[in-house]
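Only one structure is covered here, and it is reproduced in the block below.
Computation of the quantities below employed the complete heavy-atom set of this structure, encompassing side-chain atoms and omitting hydrogens, waters and symmetry-equivalent molecules. Because the structure is predicted, anything quoted here is derived from the model rather than measured.
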Amino acid sequence: MNIGIDKIGFATSQYVLNMDDLATSRGVDPDKFSKGLLLKALSITPITEDIVTLGAAAADSILTDDDKATIDMVIVATESGIDQSKAAAVYVHHLLGIQPFARSVEMKEACYSATAALDYAKLHVTANPDSKVLVVASDIARYGINTPGESTQGSGSVAMLVTANPRILELQNDSLAQTRDIMDFWRPNYSTTPFVNGMYSTKQYLDMLKTTWAEYQKRSGKKLADFAAFCFHIPFPKLALKGFNKVMDKSLPDDVKARLKENFEHSITYSQRIGNIYTGSLFLGLLSLLENSTSLKAGDQIALFSYGSGAVAEIFTAKLVDGFKTHLRQDRLEDLARRTAISVKEYETLFYEEADLDDQGNATFSDYLTGPFALTGITEHQRMYQRTDGK
Ligand code: CAA
């Protein structure tokens, strides 16, 4: 039985910060961000958007009533959770109106966990071929004002529907993971922003890629030439480019190398305009590739490198199915162009606003732009979500 991604959707915030503005404000040469990191803009969320509203919006953009009546598992993968106990998936399940006899859980291992969620979804559908599993990778990457990581922030969510006989791509059975106990990036419970050994994290990312890819090739017998494209976790596009250069086989014919490079460029198109979305970054890269590449065809294989600090990495692969293009959008860049541009001052206020709770645990928020769902307030320490688009 073939199992894989039947639908894939995306949501991000309504506000955007231009990298040139950030560079000017921080006294940095704009080329450092545009050429050094390959970034153009970052998606910035107000307090009324979180992993639940973004995740529900991403899923809402792809699900039909029939899907909602059939989905029997909802997994939210995140490293910017809103509650230590209650899973964000429970809120998402409710906001989307998914039938009640479903399992809803949250998964965590930095930016990696959506890959584990996909594997869990695949195993569930293997055992229950009529099932549909909703996997949502949702995060807000927030490092702090004037920190080294500030230029690599972002926010967004990717939703994937995993089914038998998928209409976009089949997940293959040759994945290989690697675990390495390191402190490159972590966020203790008492901190709202992560601790980061930035340069060390980039070295670990690249070494986990090199070693996992080498072992994957040895075990699977596959090599780069077997793939039409290689997608990477994209904390910032320049690191993904370094990853691409690391796996490149220089002995390949020029036209094969050129096609891989062209598809790599398509895979970073969205991230360049959104920034890091942690768990969703790899899948945003996949979506960007699928929606923007004109050379991909049914039967083509795609390799994917997932990396979560701490660290867990995985190489897994997928095969495109007949007609995949008709289940994707062609105009997503127009959505991104419609976001409201904000100044650095506005970003500093918007992105770091924290709930001002009274003694009873109540807070209200200003009326910011959001997608179809919003966090409207906190009542007695309970987060209040609403559908705001009147549907
Ligand atoms: N013109 C052109 N390029 C310039 C330039 C200029 N004027 N000034 C600097 N550059 C280039 C640098 O040469 C460098 O490019 P190379 O790496 O190709 O040499 C690039 O801009 C970045 O500059 P720096 O090396 O000075 O690094 P930085 O201060 O921008 O910090 C970082 C980079 C440490 C990664 C920082 O962004 C950070 O801490 N980010 C958060 C952590 C992160 O994303 N880690 C990635 C791996 S961990 C992971 O993958 C999990 C996750 O999602 C977090």
Side-chain angles (χ1 to χ4, degrees), residues 1-11 51-52 54-78 81 86-109 112-139 157-175 177 279-280 282-284 286-287 290 298 301-302 304 306 314 316-329 373:
M1 183 173 31
N2 293 321
I3 298 166
I5 298 175
D6 187 60
K7 296 182 179 181
I8 179 164
F10 173 69
I51 58 160
V52 168
L54 293 172
D60 188 62
S61 72
I62 53 169
L63 299 184
T64 62
D65 287 346
D66 179 56
D67 294 330
K68 292 176 194 175
T70 314
I71 290 170
D72 64 356
M73 183 147 77
V74 181
I75 312 173
V76 171
T78 187
K86 181 166 174 166
V90 176
Y91 292 106
V92 170
H93 171 274
H94 171 73
L95 286 172
L96 294 170
I98 289 170
Q99 64 86 22
F101 299 101
R103 177 184 296 146
S104 298
V105 290
E106 189 168 309
M107 290 178 75
K108 179 177 72 180
E109 173 15 55
Y112 165 75
S113 61
T115 300
L118 271 187
D119 201 48
Y120 182 20
K122 188 167 75 143
L123 291 172
H124 181 77
V125 176
T126 304
N128 307 277
D130 295 331
S131 287
K132 293 183 180 183
V133 180
L134 176 64
V135 173
V136 177
S138 194
D139 269 306
S157 178
V158 176
M160 295 168 278
L161 191 65
V162 177
T163 68
N165 305 315
R167 287 170 290 180
I168 296 179
L169 54 80
E170 296 164 5
L171 294 165
Q172 310 290 281
N173 293 315
D174 56 2
S175 63
T279 48
L282 168 63
F283 302 98
L284 182 60
L286 174 65
L287 183 67
L290 298 181
Q301 293 192 76
I302 299 170
L304 298 103
S306 181
E314 185 164 327
F316 64 105
T317 67
K319 190 157 87 175
L320 291 172
V321 303
D322 220 8
F324 72 94
K325 214 47 179 179
T326 55
H327 303 288
L328 296 159
R329 287 181 54 185
F373 302 94

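Residues Ile302 and Leu290 form a side-chain contact, since some pair of their non-hydrogen atoms from C-beta on lies under 4.5 Å apart. For the pair Phe316 and Asp119, the minimum side-chain heavy-atom distance is 4.5 Å or more. In this structure the side chain of Leu134 reaches within 4.5 angstrom of the side chain of Leu96, judged on heavy atoms. Side-chain contact between Ile8 and Val158 is present, with at least one heavy-atom pair separated by less than 4.5 Å. No side-chain heavy atom of Val162 sits under 4.5 Å from any side-chain heavy atom of His124.
The structure places CG of Leu161 at 6.5 Å from NZ of Lys7, a figure rounded to the nearest 0.5 Å. Between atom CG of residue Leu328 and atom CG of residue Leu287 there is a gap of 6.5 Å, rounded to the nearest 0.5 Å. A distance of 3.5 Å separates OG1 in Thr317 from CG in Asp174, rounded to the nearest 0.5 Å.
Checked by atom type and distance alone, the side chain of Thr279 pairs as donor or acceptor with a backbone atom of Ala77 at under 3.5 Å. Side-chain atoms of Asp72 do not come within 3.5 Å of backbone N or O of Ser131 as any donor-acceptor pair. A donor-acceptor contact shorter than 3.5 Å links the side chain of Ser157 to the backbone of Ala137. A donor-acceptor pair is defined here as one N or O able to donate and one able to accept, closer than 3.5 Å; no such pair exists between the side chain of Lys132 and the backbone of Lys68. With hydrogens and angles disregarded, no donor-acceptor distance shorter than 3.5 Å links the side chain of Gln99 to the backbone of Thr70. Under the 3.5 Å distance criterion, the side-chain polar atoms of Asp139 are left unmatched by any main-chain donor or acceptor of Thr78.
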>> What verdict does the side-chain contact (heavy atoms from CB on, under 4.5 Å) test give for Arg167 and Thr326, after you've listed the backbone C-alpha separation in whole Å, the side-chain angles of each residue and the deciding distance to 0.1 Å?
In response: CA-CA 9 Å; Arg167 287 170 290 180; Thr326 55; over 6 Å; no
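Contacts of Ala88 classified as side-chain contact (heavy atoms from CB on, under 4.5 Å), with partners at least two apart in sequence or in another chain: Ile51, Val52, Val76, Glu106.
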